[in-house]
Number of protein chains: 2
Amino acid sequence: MTSLPSGRRAPRGSLSAAATRRVERPAPLRQAVYDALLELIVNRTLAPGQHLVEAELAEYLGVSRQPVREALQRLQTDGWVDLRPAQGAFVHTPTEEEADQLLAVRSVLETYSAKLAAEHATAADVKLLRKLQKAGEEALVTANVERLVKANADLHAAVATIGRNKVLSEMIGLVDRRVRWYYTPIARPRSRDSWNEHAELVTAIAEGDVERAGEVMHNHAEQTRQTYHDRKTPESTTESD
Amino acid sequence: MTSLPSGRRAPRGSLSAAATRRVERPAPLRQAVYDALLELIVNRTLAPGQHLVEAELAEYLGVSRQPVREALQRLQTDGWVDLRPAQGAFVHTPTEEEADQLLAVRSVLETYSAKLAAEHATAADVKLLRKLQKAGEEALVTANVERLVKANADLHAAVATIGRNKVLSEMIGLVDRRVRWYYTPIARPRSRDSWNEHAELVTAIAEGDVERAGEVMHNHAEQTRQTYHDRKTPESTTESD
DNA sequence: GAAGTGCTTTTTGCATACGAAAAGCTGTAT
DNA sequence: ATACAGCTTTTCGTATGCAAAAAGCACTTC
């Protein structure tokens, strides 16, 4: 019963305005562990279904079990691992059904995001989008899948940011990362079409055409969803590009 | 009575069909702590902005700091508390802006949810909806705000479930709980209109009219959002500095 | 040879302990 | 009187320890 509102108002210092500047926060270890494990999962180093033993991960990462536990818990709430009650963590195995549901939700969120972006985009925003678009098309030429996926994620993230809805952005961030995880292994073929659609999207946003932006993004997302379905049937050892 | 086959794939035992019956899972303590803390937050027992000291909570709940920490982390990722790096947990203080953004996202998700529900609803589903609708209107008569909010949440949750998209349902669950938190204190006036809209929604779903269901839900959500805005300016809290 | 049972090993879940960083306070000097 | 500096207190972050539950294994029995 010592502290009720531990008001964080600056006493009366002169530079209190710049207080937003967080300088080198200690960077909690659990965050580093979270990032490391997520990377390992997305990398497929940790395969879907694999049992993650806290002690092993701890030793591998050179930390104690505690931060590992905390990271695993967060990974669970973000949908990357399943935490069975007295059994530990297992890398989440995405089912076809779940992937489709995720793609559907993504479609809805992204469509709204595109509308908001068209509504709010400034000249600087458009400039950024064009830059990202260019980066994507360059990656398209090099045919580097990983870079392409990254460029794609960047563009979508930028659109979300431009929409000026943080809640939406965060949500899209979560969903997109998982979609990326499911989708990356089969992402090859649609790249060119995809970036053409992106170009259309950027144009619509630049013109402030809300309806059109929404429409384009919706079609774009649904195309991705369709591609996922078409691809998922065979064990496509077809490594042709 | 001790020989319950713990294995979840019965070899060819006779009662393998009933194996879905999960009997009394150990119920992790962190989950109980999570629920307890969430209740305290929604109750306003723990006020927005309040500093949550792990040791205090642990003692209050009669557990050690460990499960409390884990619960707090999850509360953070769900948006209920802010976890400042070396400073601990603070009950999240919703800003007007954030509340509006959340309501906007909710609107989008719920609209899609309603469309899905109209697409998938069976006779049994419709029956359930009508039952919940009835419960809501009864609560309306008693003018019990808490019950009303609960009935409202139940109905929306049911619609989400009927849509058969688990990813969407979970997301709506998270968003709705937070909206409810923000909105409850000012939820008085709109009840009757709200339940009329619900009735319309149920009808549209029952008829399988996808477009209409989406439209009704969209209007419904936007009305709620509007009400929030109209209500929020009782006293000019000049917090801009 | 196959199925069931009891034991051992492994791994989680929770508790406790210790070090470090941040906030608050007090005393002193200007 | 005010402002700064150093110290103390509080609280978090991480590590370690211990008990309980679950899984795996070998043994016994039919």
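All values below come from the heavy atoms of this structure, side chains included, with hydrogens, waters and symmetry mates left out. Chain letters run A, B, ... following the sequence lines, proteins first, then strands; residues in each count from 1.
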Quick one: [X] [atom1] to [N] [atom2], roughly how many Å, whole number?
| X | N | atom1 | atom2 | value |
| --- | --- | --- | --- | --- |
| A:Gln66 | C:dT16 | CD | C1' | 11 Å |
| A:Leu29 | C:dA20 | CG | P | 15 Å |
| B:Phe90 | C:dA22 | CZ | P | 13 Å |
| B:Leu52 | D:dT10 | CG | P | 19 Å |
| A:Gln50 | C:dT11 | CD | P | 13 Å |
| A:Glu54 | D:dA15 | CD | P | 13 Å |
| A:Arg84 | C:dT10 | CZ | P | 20 Å |

Considering every strand and a 4.0 Å limit on heavy-atom distances, what is the contact class for [X]: base, sugar-phosphate, or nothing?
| X | answer |
| --- | --- |
| A:Leu83 | nothing |
| B:Arg30 | sugar-phosphate |
| B:Leu72 | nothing |

*Which sits closer to the 5' end of DNA chain C, B:Arg65 or B:Glu70, going by the nucleotide each is nearest to?*
B:Glu70
*Give a yes/no on whether any side-chain N or O of A:Arg69 is located under 4.0 angstrom from OP1 or OP2 of C:dG13.*
yes
*Considering just the side-chain nitrogens and oxygens of B:Gln87, establish if one lies under 4.0 Å of OP1 or OP2 belonging to D:dT11.*
no
*asked:* Using 30° and 60° as the class boundaries, would you call the ring planes of A:His92 and A:Trp181 parallel, tilted or perpendicular?
replied: tilted
_Please determine whether a side-chain nitrogen of the Lys or Arg among B:Asp125 and B:Arg164 lies less than 4.0 Å from a carboxylate oxygen of the Asp or Glu._
yes
_B:Glu70-A:Gln73 side chain donor-acceptor pair, cut-off 3.5 Å_ = yes
_Side-chain H-bond candidate by donor/acceptor type, A:Tyr112 with A:Asn165, under 3.5 Å_ = no
*Among the candidates C:dC14, C:dA22, C:dT12, find the nucleotide nearest to the side-chain atoms of B:Ala86.*
C:dA22
*With side chains defined as the heavy atoms from C-beta onward, is the minimum distance between B:Leu103 and B:Tyr182 less than 4.5 Å?*
no
